[in-house]
Amino acid sequence: MLLDTASLYFRAYFGVPDSVKAPDGTPVNAVRGLLDFISRLVSDHGPDSLVACWDDDWRPQFRVDAIPSYKAHRVAEVVEGDAPDEEEVPDTLSPQVPVIEDVLAAFGITRVGSPGFEADDVIGTLATAAEVPVQIVTGDRDLFQLVDDKRAVSVLYPVKGVGVVDVMDEAAVLARYGVPASSYADFATLRGDASDGLPGVKGIGEKTAAQLIGEFGDLAGVRRAAEDPASSLTPARRRNLVAAADYLDVAPGVVQVVRDVPLPEDLTTALPRAPRDPDALHALAERWGLGGSVQRLVAVLAERR
């Protein structure tokens with residue numbers, strides 16, 4: 001099981017009341033919510049291995065170089081040098097992220113990122129290399145491109161908390177979007193995504209993108225059709241595709257998940273049956289008022305067979 005950790009702790013932050021606080025009054029709704037999410041996921045799905053995949057860089061430079069608008073609306077402060085720009089995050093969420101890191105470490109739950117890459121790329125790399133079935137837990141549709149029935153890679157897409165999820169296999173992706181999972185990245189490139197600052201092609205939404213992929217096979221086929229006066233494209237669609245040539249030259253490298261990022265060679269993914277550092281976990285639970293959430297996850301881990 002591969003967690004898109006930021007996606008889940010953002011969901012927890014907005015789903016759990018901010019009245020959930022530590023003894024000193026600090027909000028811990030994202031921390032407790034994420035722990036409860038992990039407890040529920042482990043209880044419901046029983047993974048043997050679990051990795052909390054991390055955004056070492058939420059806006060990688062190679063994606064920004066290709067499309068400067070990529071996530072630009074979410075930049076809180078531009079940072080000079082090689083460090084990532086600061087992301088706009090709610091004031092009461094930012095202080096909770098280091099607590100999440102500490103609690104995961106005390107539990108012994110593997111947390112891994114890769115410098116210069118997003119959690120999506122870490123997930124793509126681990127899913128591609130896996131020799132066992134993989135469940136990806138994320139609220140990010142871009143990861144549907146990794147769905148692969150032959151390799152038993154699916155996405156658990158949360159609907160309500162994580163107790164109700166849509167299990168996205170190849171049939172589910174095809175039913176929802178009208179394209180196979182293997183074409184999802186091409187489809188998303190054409191459609192664009194305002195939430196990520198990706199403009200897409202003028203006049204092409206989800207239905208049209210799916211139609212074009214269905215008719216011409218893939219993005220390359222769509223672009224060939226745009227250059228072919230004899231193709232079935234309407235004049236308006238042809239003009240819009242030709243006008244978007246510069247975008248279409250670089251967008252696939254932004255939308256496609258990287259599947260070969262450098263990761264630690266000694267990466268251990270086994271889900272622990274007991275906390276790695278019980279004393280540290282107890283201290284964190286006391287300091288931050290995490291008792292119930294910590295106890296539930298300890299119990300769930302102990303019950304695994």
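Sequence positions, counted from 1, serve as the residue numbers for this chain. Here the structure is a predicted model, which means the values were calculated and not measured.
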One thing to verify: whether D196 and R74 come together as a salt bridge, which I'm taking to mean a side-chain N less than 4.0 angstrom from a carboxylate O. yes
If I take atom CZ from residue R191 and atom CG from residue D186, how far apart are they, to the nearest 0.5 angstrom? 12.0 Å
Please check: side-chain N/O of R151 versus main-chain N/O of V134, any donor-acceptor pairing under 3.5 Å? no
Quick check, are the ring centers of Y13 and F10 under 6.0 angstrom apart? no
Co-membership, hydrophobic cluster, residues F37 and L2, 4.5 Å side-chain: no
Check: T5 and L34 side chains under 4.5 Å, non-hydrogen atoms: yes
Working for side-chain hydrogen bond (donor to acceptor under 3.5 Å, both in side chains), residues D140 and T138: CA-CA 5 Å; D140 184 351; T138 183; 5.1 Å; no
Hey, any chance W58 and V112 share a hydrophobic cluster, counting ILVMFWY side chains that come within less than 4.5 Å of each other, even indirectly? no
Taking the side chain from Q96 and the backbone from N29, do they hold a donor-acceptor pair closer than 3.5 Å? yes
Between E286 and A283, is there a donor-acceptor pair closer than 3.5 Å when you use the side chain of the first and the backbone of the second? no
Within 6.0 Å of CG in D24, more than 12 heavy atoms from elsewhere: yes
Counting distance only, does the side-chain N/O of S154 pair as donor-acceptor with the main-chain N or O of Q135 below 3.5 Å? no
Provide the closest heavy-atom pair for L93 versus A30 in the form atom of the first, atom of the second, distance. CD1-CB, 3.6 Å
Rounded to the nearest 0.5 Å, how far apart are CE of M1 and SG of C53? 11.5 Å
Would the distance check show the side chain of T269 and the main-chain N or O of V51 forming a donor-acceptor pair, the cut-off being under 3.5 Å? no
Report the C-alpha separation of W54 and I100 in whole Å, then their side-chain angles, then the decisive distance to 0.1 Å, and conclude whether the side chain to side chain contact (heavy atoms under 4.5 Å, CB included) test is met. CA-CA 11 Å; W54 208 256; I100 290 170; 4.1 Å; yes
Are the charged groups of R63 and D121 less than 4.0 angstrom apart, N to O? yes
Heavy atoms only: give me the nearest P275-V298 pair and the separation to one decimal. CG-CG2, 3.9 Å
Can you label the angle between the Y177 ring and the Y184 ring as parallel, tilted or perpendicular, going by 30° and 60°? perpendicular
Rounded distance [0.5 Å steps], CH2 in W288 versus NZ in K21: 13.5 Å
Evaluate V261 against L263 for side chain to side chain contact (heavy atoms under 4.5 Å, CB included), listing each step before the verdict. CA-CA 6 Å; V261 304; L263 296 175; 4.0 Å; yes
For I136 and A127 the tightest heavy-atom approach is CD1-CB, 4.4 Å
Please check if the side chain of N240 supplies one atom and the backbone of K202 the other of a donor-acceptor pair under 3.5 Å. yes
For a 4.5 angstrom cut-off between non-hydrogen side-chain atoms, does F117 reach F62? yes
Output yes when a side-chain donor or acceptor of R304 lies under 3.5 Å from a complementary backbone atom of G46, and no otherwise. no
How many angstroms lie between NZ in K71 and CD in E87, if you round to the nearest 0.5 Å? 7.0 Å
Pair L156, V167 - check side chain to side chain contact (heavy atoms under 4.5 Å, CB included), show working. CA-CA 5 Å; L156 304 183; V167 179; 3.9 Å; yes
Taking it one step at a time, do I109 and L297 satisfy side chain to side chain contact (heavy atoms under 4.5 Å, CB included)? CA-CA 11 Å; I109 292 174; L297 183 51; 4.1 Å; yes
Do L281 and D277 have side chains that approach each other closer than 4.5 Å (heavy atoms only, starting at C-beta)? no
S39 and R296: which non-hydrogen atoms are nearest, and at how many Å? OG-C, 3.8 Å
Taking S293 for the side chain and D36 for the main chain, is one N or O donor matched with an acceptor at less than 3.5 Å? no
Do the side chain of R59 and the main chain of P84 share a donor and acceptor less than 3.5 angstrom apart? no
With no hydrogens and no angle check, just 3.5 Å: does a side-chain donor-acceptor pair link R238 and S231? yes
Are L50 and T110 close enough that some pair of their side-chain heavy atoms sits under 4.5 Å apart? no
Same cluster (ILVMFWY, side-chain, under 4.5 Å), V159 and V162: no
In this structure, would I213 and V254 fall into the same cluster of hydrophobic residues linked by side-chain contacts under 4.5 Å? yes
What one should report as the nearest heavy-atom pair of V294 and F107 is O-CZ, 3.8 Å
Salt-bridge contact E215-R237 (side-chain N to carboxylate O under 4.0 Å): no
Pairwise distance CG(L174) to CE(M168) - rounded to 0.5 angstrom: 10.0 Å
Is it the case that the side chain of Q145 and the backbone of V257 share a donor-acceptor pair, with hydrogens and angles ignored and the cut-off at 3.5 Å? yes
Is E101 salt-bridged to R111, going by a charged N under 4.0 Å from an acidic O? yes
Decide yes or no for T189 and L198: does some side-chain heavy atom of the first lie under 4.5 Å from some side-chain heavy atom of the second? no
Please name the pair of heavy atoms, one in V155 and one in L143, separated by the smallest distance, quoted to 0.1 Å. CG2-O, 3.8 Å
Do R176 and R141 have side chains that get closer than 4.5 Å, going by heavy atoms? no
Side chains of I67 and Y247, heavy atoms from C-beta outward: is any pair under 4.5 Å? yes
A quick test of your reading: do over 12 heavy atoms of other residues, nucleotides or ligands sit less than 6.0 Å from NE2 of H73? yes
Does any non-hydrogen side-chain atom of L241 lie less than 4.5 Å from one of R223? no
If you group Ile, Leu, Val, Met, Phe, Trp and Tyr by side-chain heavy-atom gaps below 4.5 Å, do L104 and I123 land in one group? no
Rounded at 0.5 Å granularity, tell me how far OG in S183 sits from CG in L212. 12.0 Å
